[in-house]
Amino acid sequence: MTSLFEGVGIALGSLRVHKMRAALTILGVAIGVMVVMVIGSLIAGFNKGLSDMLETLGPKTFYVGRFWGGAGNEDPDDPNPWRRRPPLTIAEAERLEQLPTVKFAVVDENANADIVFEGKRLGAVSIQGRDADWPKVAGGDIYPGRSFSPLEDKANAFVVVINIKVSEQLFGERDPIGHRIKIAGLPYDVIGVYDPPTGLFGEGDQNEVFIPYGTLVKNVPYRPDWMDFFVAPEDSVPIERAIDDVTIALRTMRGLRPGQPNNFDVVTQEKYLETVNSMTSVFKVIMIVLSMVGLMVGGIGVVAIMMISVTERTREIGVRKALGATRREVLWQFLVEAATLTLVGGVIGMTAGGLISLLLAAATPIPAYVPLGSVIVALVAAAFTGLLFGIYPASKASRLDPVEALRYE
Amino acid sequence: MSLAQQFRTGDTPLPDIIILTHKLARAYDMGGEVVRALRGVSLQIRRNEYVAIMGPSGSGKSTLMNLIGCLDTPTGGEYWLNGQKVSDLGDDALARIRNKEIGFVFQTFNLLPRATALHNVELPLIYAGLGAKERRAQAAQALERVGLGDRMEHRPNELSGGQRQRVAIARALVNDPSILLADEPTGNLDSATSGEIMEVFGALHRQGQTVVMVTHEHDIAAHAARVVTLRDGLVATDQRQAA
């Protein structure tokens with residue numbers, strides 16, 4: 001332990017004497033560590049955004065859709081397999097909602113239309129047709145105001161919940177509740193303002209309003225046949241059982257015979273996560289490769305500076321050996337010195353990388369965030385680089401013959 | 001030499017004999033050609049002796065000094081230091097012996113240039129595994145012993161040649177070694193400073209320290225109580241003299 005502190009002290013002293021040389025070595029390591037930090041924080045931020053989003057959805061909610069492409073399973077001979085599949089219908093959603101294992105099935109249909117209020121026009125706003133349960137799956141808050149009731153939903157009422165962004169543009173500081181806006185030429189009463197949860201891809205940033213499903217289908221021009229459902233199982237029911245029930249119910253309604261494949265897709269959050277993870281794992285591989293290259297460049301610098309240092313200090317090594325330093329003690333001294341170099345580089349790179357990540361998070365919608373884990377990994381990787389690349393020069397120093405070393409001019 | 005032990009291979013030295021070499025040899029392989037630097041040196045040095053080793057260059061005195069200092073291992077014969085046979089020890093064991101038994105004083109001082117006098121003197125204690133507080137105290141004491149109590153925080157380049165050599169002597173003494181081993185200790189000093197350093201050696205000898213000194217200067221060797229002369233890798237003369 002004594003010689004550890006000794007080594008750190010010697011290393012810092014040596015850094016002070018050879019500032020330029022040490023700075024270049026440190027820079028190499030710092031850049032490597034910085035790359036690790038920035039990419040790591042991007043991935044961490046992305047994953048965190050994802051899990052935050054899924055959390056607001058409730059862990060058991062799953063998605064039923066006409067076709068789930070997933071990633072990388074396109075068949076070149078059959079580019080549009082969804083063509084053979086019938087669209088989901090509101091009747092199917094109602095049937096699913098009656099299943100004892102299903103708490104609710106929220107339909108989701110959307111369109112784009114213009115909104116007008118007092119002569120102010122917002123173009124191509126996303127109009128979401130949902131049923132009354134939608135706030136339970138969407139997350140976020142409705143304040144001020146409220147969402148539409150099941151009664152309003154059934155009655156296809158002309159009521160609308162607008163999101164904060166729309167509210168700011170149309171109403172500014174005014175309270176939008178109770179005002180009447182026109183969507184696709186028809187008047188709707190504003191009953192609530194929706195504050196969406198932080199989205200993964202900045203979804204909350206777009207202009208979006210929510211109206212009852214039936215109202216949308218009847219009154220807003222939309223691209224049909226792409227309705228999908230968010231299905232939540234009853235609290236006490238395992239998700240697998242609810243999925244089985246939903247699958248059987250849909251197959252029965254669609255008259256599929258045993259052995260015929262499903263002509264709809266059921267996707268759990270796990271599967272969704274899997275798909276996303278398979279995408280981020282590509283990033284991870286790139287990150288690991290980049291950071292390894294960066295650290296290796298730094299490591300080669302470490303070998304160079306340490307070889308010079310060992311040669312320059314041959315006599316010192318001889319003296320230390322004459323005074324009783326064993327091979328291991330000399331080896332340790334130079335290893336600690338190399339690790340101190342890279343650790344200083346690591347701290348600098350980490351600070352720079354952390355700042356860049358924070359800047360990214362503040363200036364762009366990318367939810368970059370620096371997890372403690374990547375701080376530790378970056379520092380350990382930096383110190384390990386020093387130890388690894390310090391081995392050769394350090395062992396060279398430790399094997400010097402004391403008589404030769406003392407005679408060295 | 002009647003006091004010397006009649007030593008044969010297999011014997012152990014008498015407890016009073018701190019250095020015993022028996023037919024000590026060292027050969028170097030210089031690219032196929034074997035150079036025999038030492039060809040069988042048998043030498044006994046008792047506790048509290050003050051010995052100068054002399055000889056022209058090429059006589060083998062540096063080789064003998066390296067062997068006595070445990071910096072090198074012989075290719076033949078035996079070397080006993082303070083009752084322990086060290087001629088067949090490995091690298092790390094020799095490092096321990098150097099740390100415990102030997103205090104080196106070099107011609108070129110060999111201080112660490114960026115370290116203070118105090119830190120330089122602390123070095124052997126670091127390798128002895130002492131704690132920082134104890135190290136500091138012992139190193140300060142050793143510096144006071146050589147008259148440098150007021151120069152502890154100075155770096156070597158802030159000290160005169162004589163002061164540097166005193167720091168080196170303090171460093172050699174700090175571990176309380178069995179022998180003080182000096183290699184041309186005045187070679188880089190002017191004659192007045194040389195005199196001062198020789199006085200330090202004399203004082204240490206009077207306090208009971210065993211001193212072995214390699215030199216080629218007769219007036220320096222004259223300070224020792226015994227002069228061993230080497231020639232062609234063998235002991236040529238071995239004389240006691242009045243100090």
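Computed from a predicted model, the values in this text were never measured in an experiment. Convention: sequence-line order gives letters A, B, ...; per-chain numbering from 1. Computed from heavy atoms alone, side chains included, the values below leave out hydrogens, waters and symmetry copies.
- Checked for salt-bridge contact, Arg114(B) and Glu312(A) miss the test: no charged N lies under 4.0 Å from a carboxylate O.
- The two residues Ala325(A) and Ala95(B) have their closest heavy-atom pair at O-CB, 3.7 Å.
- A distance of 11.0 Å separates CD1 in Ile102(B) from CG in Leu323(A), rounded to the nearest 0.5 Å.
- Residue-environment remark: CZ (Arg136(B)) stays at or below the threshold of 12 foreign heavy atoms within 6.0 Å.
- We find the CZ-CG distance between Arg320(A) and Asn99(B) to be 12.5 Å, quoted to the nearest 0.5 Å.
- Of all non-hydrogen atoms in Ala322(A) and Phe104(B), the two that sit nearest each other are O-CE1, 3.3 Å.
- Contact of Arg399(A) with chain B is not made at all, since no heavy-atom distance falls under 4.5 Å.
- Only the side chain of Leu112(B) comes within contact range of chain A, with heavy atoms under 4.5 Å apart.
- Under the 3.5 Å distance criterion, the side-chain polar atoms of Asp92(B) are left unmatched by any main-chain donor or acceptor of Thr326(A).
- For Arg315(A), the part lying near chain B is the side chain, with the backbone staying farther off; criterion is any non-hydrogen pair under 4.5 Å.
- Residue Asp91(B) holds its CG atom at 6.5 Å from NZ of Lys321(A), rounded to the nearest 0.5 Å.
- Residue Gln141(B) places its CD atom among 12 or fewer non-hydrogen atoms of other residues, nucleotides or ligands, all under 6.0 Å distant.
- The part of Thr108(B) that comes within reach of chain A is its side chain, from C-beta onward, which places non-hydrogen atoms under 4.5 angstrom from that chain.
- Distance CG/Leu406(A) to CZ/Phe106(B): 4.5 Å, rounded to 0.5 Å.
- Around CZ of Arg36(B), the count of heavy atoms belonging to other residues, nucleotides or ligands within 6.0 Å does not exceed 12.
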Quick one, Leu71(B) with Glu404(A), criterion side chain to side chain contact (heavy atoms under 4.5 Å, CB included). Give me CA distance, side-chain angles, the key distance, then yes/no.
CA-CA 10 Å; Leu71(B) 291 166; Glu404(A) 297 286 327; over 6 Å; no

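- Both the backbone and the side chain of Asn110(B) come within contact range of chain A, with heavy atoms under 4.5 Å apart.
- Other residues, nucleotides and ligands contribute at most 12 non-hydrogen atoms within 6.0 Å of the CD atom of Glu33(B).
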